[in-house]
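Right, one structure below, let's go through it.
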Amino acid sequence: MMKVLFMGTPDFARVILDGIVGAAYPVVGVVTQPDKPKGRGNVLTPPPVKVYAEEHGIAVLQPQTLRTEEFENELKKLDPDVIVVAAYGKILPKNVLDYPKYGCINVHGSLLPRYRGAAPIQRAMIEGEKTTGITTMFMEEGLDTGDMIEMYEIAIREDDNFETLHDKLADLGAYAIVSTLGALEKGNIKRHKQDDSKSTYAKKIEKEDCLIHFDAPAKRVNDLIRGTSPFPLSYAFLGGRMIKIVKARIDASPCKGKPGEVTSLEGGLIHVACQEGGIAIETLVPEGKGRMSAKDFINGRKINVGDVFTSEKA
RNA sequence: CGCGGGGUGGAGCAGUUGGUAGCUCGUCGGGCUCAUAACCCGGAGGUCAGGUGGUUCAAGUCCCCUCCCCGCAA
């Protein structure tokens, strides 16, 4: 079977790697981002792919950059027949792209050419798409622009959030890469050019992307909330304090109010008016506190009907 | 030693210038109602994270130490 070199970093990549290992392909090594300080106290934390690789006795490389002679030498030593890339986080230089006999295959979490880039899963959900999917493709120097091999579509359900969709896509991605590798080995590949005119770019989710503006339709507000949950979480301000919203739903029969105004606390939910319609907050994280249900938050007497969520701290 | 918040009955919180604890919810029992995550009455439940530390006539409330939890930033 083809010798595989895997490049990836987060959980999404870990699941893909697990699929490849599960299909019994010899994984000659894993390239992942260097350990980074994380969390309280800035503890140095290894990326999920590294943890997985170590558990499975796979060699791990964590180069700061791939553009070195040193890495090229490593590449020759490992001598992969194919390189599989999933959410690695670095651009591959031409000499790496050209090395493997079967090429470099990328597993991307969207239906290309839409949502090229860093955060396809979140962006698709935030933009209110009804479907998304997985695309496998040959890599070239452009960002997610290479010829597509296989594509799998999946529905974005109303009760999905980033986490559930991410997990489904990761599983689907694992399935897709195994299928693609199998076809590649048999020479059963069809290349499909991307229609660049239809491409969109899913840029990384920044903090300011997570700020909730209640002067938007309820669906849009809710799509942002679920598309960023449970990470990094969308937020707004109430009484000068940041409130992150973990889970909400579109209010069936919202009372009218100004955007951001709390219209009711019925049912242990915080009902907030949007530009059109409203949402009912079910779970949230107050500044300096942990996650709690809206009911608990209300019981702590921290909110009243008429209070207003704003987009600015003051 | 990145910044900050916090550990009080099952949950979320309050607790004033220190004088042995209160609110909302839940829970148990009873009542009311056509009915209700509604209302009324009553009850149970807390060594106030730990150090059997220090200050004090007196500490949840001030000082010191330890443990744990959480948010932010990266």
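Per chain, numbering begins at 1; letters A, B, ... match sequence-line order. Predicted model only: the values in this text are computed from it and were never measured.
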TODO: Record whether the side chain of A:R40 comes under 3.5 Å of the base of B:G2 through a donor-acceptor pair of N or O atoms.
DONE: no
Could you tell me how far apart [X] ([atom1]) and [N] ([atom2]) are, to the nearest whole angstrom?
X	N	atom1	atom2	answer
A:D35	B:A74	CG	P	20 Å
A:N299	B:C13	CG	P	10 Å
A:L233	B:C70	CG	C1'	13 Å
A:N304	B:C13	CG	P	16 Å
A:I298	B:G26	CD1	P	12 Å
A:F237	B:G71	CZ	C1'	13 Å
A:F297	B:G71	CZ	C1'	14 Å
A:K295	B:G10	NZ	C1'	13 Å

TODO: Run through A:V84, A:I83, A:V82 and flag the one making a side-chain contact (heavy atoms from CB on, under 4.5 Å) with A:C104.
DONE: A:I83
For nucleotides [N] and [M], find the distance between their [atom1] atoms and express it as a whole number of Å.
N	M	atom1	answer
B:G9	B:A14	P	13 Å
B:A11	B:C3	C1'	29 Å
B:U61	B:G6	C1'	16 Å
B:G10	B:U16	P	22 Å
B:C41	B:C34	C1'	23 Å
B:U47	B:G60	P	13 Å
B:C69	B:G30	P	42 Å
B:A21	B:G4	C1'	29 Å

- [ ] With RNA chain B as reference, determine whether A:G300 or A:G41 sits nearer its 5' end, using the nearest nucleotide of each.
- [x] A:G41
Open item on the list: Can you work out whether A:G267 or A:M242 has the more 5'-proximal nearest nucleotide on RNA chain B?
Closed with: A:G267
Could you tell me which nucleotide pairs with [N] by Watson-Crick or G-U wobble geometry, both distances under 3.5 Å, or answer none if nothing does?
N	value
B:G71	B:C3
B:G22	B:C13
B:C39	B:G31
B:U61	none

Please determine whether a side-chain nitrogen of the Lys or Arg among [X] and [Y] lies less than 4.0 Å from a carboxylate oxygen of the Asp or Glu.
X	Y	result
A:R241	A:E287	no
A:K168	A:D171	no
A:D209	A:R123	yes
A:R226	A:D223	yes

TODO: Test A:E129 against A:Y115 for side chain to side chain donor-acceptor pair (under 3.5 Å), laying out the working first.
DONE: CA-CA 11 Å; A:E129 300 287 346; A:Y115 299 102; 2.6 Å; yes
- [ ] Group every Ile, Leu, Val, Met, Phe, Trp and Tyr by side-chain heavy-atom contacts under 4.5 Å, then state whether A:L75 and A:L92 land in the same group.
- [x] yes
- [ ] Taking the side chain as every heavy atom from C-beta outward, state whether A:K190 and A:I149 have any atom pair closer than 4.5 Å.
- [x] no
Open item on the list: Within the structure provided, determine whether A:V305 and A:L265 are in side-chain contact (heavy-atom separation under 4.5 Å).
Closed with: yes
Candidates [options] - which lies nearest the side chain of [X]:
X	options	answer
A:K289	B:A11, B:A74, B:G6	B:G6
A:K38	B:A74, B:C13, B:C70	B:A74
A:N42	B:C70, B:A11, B:A73	B:A73

Task: Sorted by number, the residues of residues 202-210 of chain A with heavy-atom contact under 4.0 Å to RNA chain B - done: A:K207
Open item on the list: Using a 4.0 Å heavy-atom cut-off, does A:R291 contact any base of the nucleic acid, only the sugar-phosphate backbone, or nothing at all?
Closed with: nothing
